[in-house]
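Note that the numbering runs from 1 along the sequence shown for the chain. The model shown is predicted, which means the values in this text are computed figures rather than measured ones.
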Amino acid sequence: LLGVESRERRDLAADLHDSVGAELCMIALEMEQLSLKTKDKKAADGLAKLADKQRSFLARVRSLALELASDRLYSTGLYKALATLMNRITDTYGVKATFKGDGAGPSLDEDINMLVFRSVRELAINAIRHAKPANVEISASVKDGWVRIVVTNDGMGFDAAKVFARRAALDTFGIYSVRERMRMLNGTLEVESRVRARGTRATLTFPADGKPGDWGGLRHEGDKDNGG
């Protein structure tokens, strides 16, 4: 049954990306062309705004397609799943997405793999949506009984202090759900970002034995004015 469900997800993802995505892209281009041709400034501005909204919707459709296509990758093992995810992110969004891992990776229960995989995927995709990076990198390592996964991007930074002070902002950046997953694993999420600099670094740390816990933490470094 899981195999059938997985194939159905892949088929739906392909249809969303190739058929629906292509149609939305063509509509956006046609709107843009019409906005350039019309002599009515108000109409041209309206068409340009609609084209922008169409592109935003297209990005969401492609994101959903990626999520559907990769949702059961975690069953292949965490490192292999993350490497495949980054390849698909490159194909979907056109950014340079890379994965680096030490060895074969931790041996985790499939449910734990799922929690970690979805957390990393959410951090990477939300970085692309909001920060507009050219590069996204995931590095993973296991040391002294702890798994450490770092998600970095070179896009626009943000005021971490303000984001962490508001639940709505945490939801927007996908941080709240990741934090809750880490709490389930007795792990932590640390985020470093700066408004005046490019790039954000999110670090997930959790026990390599994969045993759930009832406590977790969240640390962040806010925007500090260091004159740079």
Side-chain angles (χ1 to χ4, degrees), residues 59 63 66-67 70 73-74 78-79 81-90 92-93 95-102 105-106 108 112-143 146-208 210 213 215-224 226:
S63 174
L66 177 64
E67 290 175 16
S70 63
L73 280 177
Y74 56 81
L78 184 60
Y79 279 17
L82 293 176
T84 303
L85 172 68
M86 297 308 272
N87 289 334
R88 291 185 178 180
I89 284 178
T90 294
T92 301
Y93 295 101
V95 303
K96 183 179 180 181
T98 56
F99 171 77
K100 298 177 181 178
D102 63 339
L108 301 170
I112 305 301
N113 273 343
M114 176 188 69
L115 290 175
V116 176
F117 175 79
R118 289 181 176 176
S119 295
V120 175
R121 182 180 65 188
E122 190 159 359
L123 289 170
I125 291 178
N126 276 308
I128 293 169
R129 286 180 188 164
H130 300 291
K132 311 299 181 187
N135 299 279
V136 176
E137 180 180 298
I138 296 173
S139 62
S141 61
V142 182
K143 185 177 180 181
W146 290 86
V147 181
R148 185 170 182 264
I149 300 176
V150 183
V151 183
T152 59
N153 74 81
D154 60 358
M156 297 178 291
F158 61 91
D159 189 330
K162 288 184 178 179
V163 168
F164 282 86
R166 293 166 44 229
R167 165 66 189 273
L170 287 175
D171 287 341
T172 298
F173 285 89
I175 294 172
Y176 182 80
S177 59
V178 174
R179 178 183 64 179
E180 294 306 301
R181 291 183 189 126
M182 287 301 101
R183 279 182 170 167
M184 291 175 66
L185 300 181
N186 201 22
T188 61
L189 167 64
E190 179 181 0
V191 179
E192 302 168 68
S193 191
R194 299 289 185 273
V195 170
R196 294 184 178 86
R198 297 191 68 81
T200 296
R201 176 187 179 98
T203 303
L204 306 175
T205 306
F206 58 93
W215 178 90
L218 172 64
R219 292 189 296 156
H220 75 274
E221 291 192 14
D223 181 46
K224 298 176 183 177
N226 57 11

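T205 approaches M182 most closely through the heavy-atom pair O-SD, 4.4 Å. Here the shortest heavy-atom pairing between A97 and T90 reads N-OG1, 3.1 Å. Counting all heavy atoms, side chain and backbone alike, F99 lies closest to A140 at CE1-CB, 4.0 Å. In this structure, S193 and F158 approach most closely via the heavy-atom pair OG-N, 2.9 Å. The two atoms that bring P106 and L78 nearest to each other are CG-CD2, 4.2 Å, heavy atoms only. Minimum interatomic distance between A202 and L123 (heavy atoms only, all atoms of both residues): CB-CD1, 4.0 Å.
Taking 4.5 Å as the limit, every side-chain heavy atom of I112 sits out of range of all side-chain heavy atoms of F117. Side-chain contact between R118 and V116 is absent, with no heavy-atom pair separated by less than 4.5 Å. Residues V191 and T200 are in side-chain contact: their nearest non-hydrogen atoms beyond the backbone lie under 4.5 Å apart.
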(request) For side-chain contact (heavy atoms from CB on, under 4.5 Å), just list the numbers for Y79 and V142, CA-CA rounded to whole Å, side-chain angles, deciding distance to a tenth of an Å, and then say yes or no. (result) CA-CA 11 Å; Y79 279 17; V142 182; 3.9 Å; yes
(message) For a side-chain contact (heavy atoms from CB on, under 4.5 Å) check, start with the C-alpha distance between L204 and V178, then their side-chain angles and the critical distance, and finish with the verdict.
(response) CA-CA 9 Å; L204 306 175; V178 174; 3.6 Å; yes
(message) Between M86 and V136, is the side-chain contact (heavy atoms from CB on, under 4.5 Å) condition met? List the steps.
(response) CA-CA 8 Å; M86 297 308 272; V136 176; 3.8 Å; yes
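Residues passing the side chain to side chain donor-acceptor pair (under 3.5 Å) test with N87, sequence neighbours excluded: none. The side-chain contact (heavy atoms from CB on, under 4.5 Å) search around L115 returns R181, M184, L185, not counting sequence neighbours. Under the salt bridge (Lys or Arg N to Asp or Glu O under 4.0 Å) criterion, K100 pairs with E137, sequence neighbours left out. Looking at residues two or more places apart in sequence or on another chain, you find a salt bridge (Lys or Arg N to Asp or Glu O under 4.0 Å) between R201 and E192.
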Which atom pairs, donor and acceptor, lie under 3.5 Å between side-chain atoms of residues 146-157 and protein residues at least two apart or in another chain?
from: N153; atom 1: OD1; to: G155; atom 2: N; distance (Å): 2.8
from: D154; atom 1: OD1; to: A134; atom 2: N; distance (Å): 2.9
from: D154; atom 1: OD1; to: N135; atom 2: N; distance (Å): 2.9
from: D154; atom 1: OD2; to: N135; atom 2: ND2; distance (Å): 2.8

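Atom CD1 of I138 and atom CG of L82 lie 5.0 Å apart (nearest 0.5 Å).
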